[in-house]
Amino acid sequence: MSADGTTNSFVPFTSDEIAKLEAIREAMIDPSPRRIGRLDQWGLADEYEIHAETAEYTEHRIILTDGTELDASLSVPKGLAPGQTCPAVVMPAPLSPWGRLSYLGVLSRWVRGGYAVLAYSQRGLAESTGEIHCAGPQDVADATEVLDWLLRRDGIDADRIGFFGASYGAGTSLLAAAQDQRIKAVVGASAWTDLLASLYENNTRHLKAFEELVKLFGEDRCSEEFRGIIQKIRADTIDDEVREFARVRSPRTYLDRYNESATPVLLTTTWHETIFSVPAVIDFHERLTGPKGLLVQVGDHGNAELPGLVGLPAKPTDMAYRWMDHHLGGTAGDGEPPRFDVRSEHMHDLFSDHRHAAWADYALPGKRLHLADAPAGQGDGQLADEPQAGWTRSVKATGTGTGIVVAPQLIRTGLAERLGRPHIYATADIDRSLAAFFATAPLEEASRVRGELELRVTVTAQQANATIVAYLLDTDPADGRARIITHAPYTLTTEQTGRPTTVTFPLQPADYIVAKGHRLQLVIDTHDPFFSPETTVPAFTIDLTSPAGTESYLDIPLHPVD
């Protein structure tokens, strides 16, 4: 639910959480016994009584040089001696109708740890004025002005500044750290590192996520440049202007700057992230040479840090406290130093906790399973140990798909996964003329899929810009019920229409345990509403084949559970 009471997938606060945040804000503005007493229903009265004694909270309108006003709040520890300074954390807002108020639940923890905390809504968001530039150069320049404003206050240590942000705020934080060397540490929760890869994966638009983001931005609040880009993406015109727009807004563009300054960077993402590219986040993390950390959790965009943002324990915020303490000298965390590693959960167990020194230590080596024809008397193809050439599977592209989708609901399907309730697909009921199915024999022992996957298949489509979508499922042969492990789309170019084209592309990385007796099932479909709207165009045929010399395969990091 958003600030105006409407449901919004990107701001999945419950009504109780919204009421709690509103009560926290009132108690911080007016720390009277009556206001603080209201927090007792959530067990927070003692915490905010201590906050009132130790910190001063004020709200501000930061006026930028062009007259834009940014809605902001500043929390500063009380009792600093003359000449004494403290570290500071700056928090640009996520893309939320609440803007910087989304961070109210973490302010107390930061300030009690000795930090000054400045939270603000970027231009065009929430109560800030100006046009939205989608984390462009103007937003980065704004971050520098905000930092200038902060450092004009007494008691702020200019050598101990960190930026923390979630989602849109994560992008702003990372991009600001690339340009402003005063930022000594950064944490990006549900971050992006390559905007084009997030919008346009394997020649395929993430159309549903894109439209939901545009709706949340509000087109009438966007700059003329941004509105033009929105129209081009809707028209599937991914030209040099769109690529340049994305390039300057991608932290990976500035990788050399992070490495030259050895800026400490902590990134968090999720296995079924539907907004930003997980492979791009992993690649960026691997290319960083300074202090770095990566957390990958069960769920979808923003799911994992949400409890932390409302003041509850959560790995992303707990790690952020520890990260900033280590690099800036505060005491918001648990006193333990951060571990510079890859930390992860496996689907769908949010209580799992795995740590590895680097992605190379984490990801298991790949095993090649070959796409093969069905055995005599059976309908579905096989995932076999030996390559097989010469088969052809024809599927009808109807513009409606089979019902297997990346996520039935953005964000909320991931929340259900975090609660151990992944979406179930009844694959036995799917019309085999609409998708190609390939499966392993029942696994002889429980096995883990952990790391990167790649699919190669030869495709012939009789219509331009045809899309295939590959899903890897965990299927119980007893009842045909399946859960999605990972996926990826691929769209053929106009030049590839009507001729066999061998395509090789990565699926999203995964960490998943397949039970003994279950099958791995690869489904190659022709439509997912996540990538394109349903259409009524005449059906056409897509042939999937495996020519000699370029036999089709799935590379998968599949190994017995230790």
Side-chain angles (χ1 to χ4, degrees), residues 94-95 135 163-178 185-202 206 209 213 246-247 249-259 263-305 315-316 319-320 323 338 340-347 354-356 358-363 406-407 410-411 414 450-454 486-488 505-511 557:
L95 182 55
F163 266 57
F164 168 88
S167 186
Y168 189 64
T172 303
S173 295
L174 288 164
L175 292 164
V186 62
V187 177
S190 290
W192 82 79
T193 59
D194 186 329
L195 195 55
L196 185 65
S198 300
L199 297 173
Y200 195 60
E201 177 187 5
N202 301 326
H206 285 199
L213 287 169
R247 187 191 70 82
R249 291 162 171 81
S250 297
R252 68 168 294 169
T253 301
Y254 313 103
L255 184 65
D256 289 348
R257 297 185 187 180
Y258 300 107
N259 290 339
T263 305
V265 177
L266 173 63
L267 302 168
T268 81
T269 187
T270 50
W271 291 119
H272 283 170
E273 166 75 48
T274 56
I275 311 301
F276 301 135
S277 169
V278 179
V281 171
I282 292 169
D283 180 70
F284 179 77
H285 168 264
E286 283 300 282
R287 293 174 183 272
L288 289 170
T289 57
K292 60 185 178 180
L294 174 66
L295 171 65
V296 193
Q297 294 183 265
V298 176
D300 195 358
H301 183 84
N303 292 166
E305 64 265 24
K315 286 178 187 175
M319 289 176 67
W323 190 260
F340 309 116
D341 57 8
V342 174
R343 186 178 182 185
S344 67
E345 300 166 351
H346 65 256
M347 295 180 276
H354 309 288
R355 294 175 182 266
H356 294 80
W359 180 260
D361 300 308
Y362 166 81
V406 169
L410 295 176
I411 312 301
R450 188 171 72 197
E452 299 164 358
L453 300 91
E454 183 179 82
T486 184
H487 73 278
F505 57 97
L507 278 65
Q508 298 291 314
D511 193 334

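Since this is a predicted model, take the numbers as computed values, not measurements. Any value given below was found using the heavy atoms of this structure, including those in side chains, with hydrogens, waters and symmetry copies removed.
- D511 and Y362 share a side-chain donor-acceptor pair at under 3.5 Å.
- Side chains of S277 and E201: no donor on one and acceptor on the other come within 3.5 Å.
- When all heavy atoms are compared, the tightest approach of L294 to V296 is CG-CG2, 4.0 Å.
- Here the side chains of P506 and E452 are not in contact, with every heavy-atom distance at 4.5 Å or above.
- Between L267 atom CG and L288 atom CG the span is 7.0 Å, to the nearest 0.5 Å.
- Atom CD of Q508 is separated from atom CG of L453 by 10.0 Å, given to the nearest 0.5 angstrom.
- Interatomic distance, F276 CZ to L213 CG, rounded to the nearest 0.5 Å: 6.5 Å.
- Residue I275 comes nearest to A209 through the heavy atom pair CD1-CB, 3.8 Å, listed as atom of the first residue, atom of the second, then distance.
- The number of heavy atoms from other shown groups lying within 6.0 Å of CZ (R252) does not exceed 12.
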Begin from the C-alpha positions of F284 and K292 and carry the test side-chain contact (heavy atoms from CB on, under 4.5 Å) through to its verdict.
CA-CA 10 Å; F284 179 77; K292 60 185 178 180; over 6 Å; no

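- Shown here for P291 and F340, the closest heavy-atom pair between the two residues is CB-CE2, 4.1 Å.
- Side chain of T253 to main chain of R247: a donor-acceptor pair is present (N/O by atom type, distance under 3.5 Å, no hydrogens or angles).
- Of the candidates V265, T269, V342, H285 forms a side chain to side chain contact (heavy atoms under 4.5 Å, CB included) with just one, namely V342.
- Residues satisfying the side chain to side chain donor-acceptor pair (under 3.5 Å) test with T289, not counting sequence neighbours, are N259.
- Two residues are said to be in side-chain contact when any heavy atoms from C-beta on lie closer than 4.5 Å; L175 and P251 meet this criterion.
- Here the OG1-NE2 distance, from T486 to H272, works out to 6.0 Å after rounding to the nearest 0.5 Å.
- To the nearest 0.5 Å, atoms OG1 (T268) and CZ (R343) are separated by 11.5 Å.
- Taking both residues in full, the closest heavy atoms of V406 and T274 are given as CG1-CG2, 4.0 Å, listed atom of the first, atom of the second, then distance.
- Note on residues 266-282: no pairs pass salt bridge (charged side-chain N to carboxylate O under 4.0 Å, His left out), not counting sequence neighbours.
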Dump the intermediate steps for side-chain contact (heavy atoms from CB on, under 4.5 Å) on L295 and K315, then the final yes or no.
CA-CA 8 Å; L295 171 65; K315 286 178 187 175; 3.9 Å; yes

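- By the 6.0 Å contact criterion, CZ on R355 is enclosed, its count of non-hydrogen atoms from other residues, nucleotides or ligands being greater than 12.
- Taking every heavy atom of both residues into account, W271 and S344 meet most closely at CZ2-CB, 4.2 Å.
- Counting heavy atoms from C-beta on, the side chains of H346 and R450 never come closer than 4.5 Å.
- Closest approach of A170 to G188, counting heavy atoms only: CB-CA, 3.6 Å.
- We find the OG1-CZ distance between T193 and R249 to be 16.0 Å, quoted to the nearest 0.5 Å.
- Counting heavy atoms from C-beta on, the side chains of I282 and P509 come closer than 4.5 Å.
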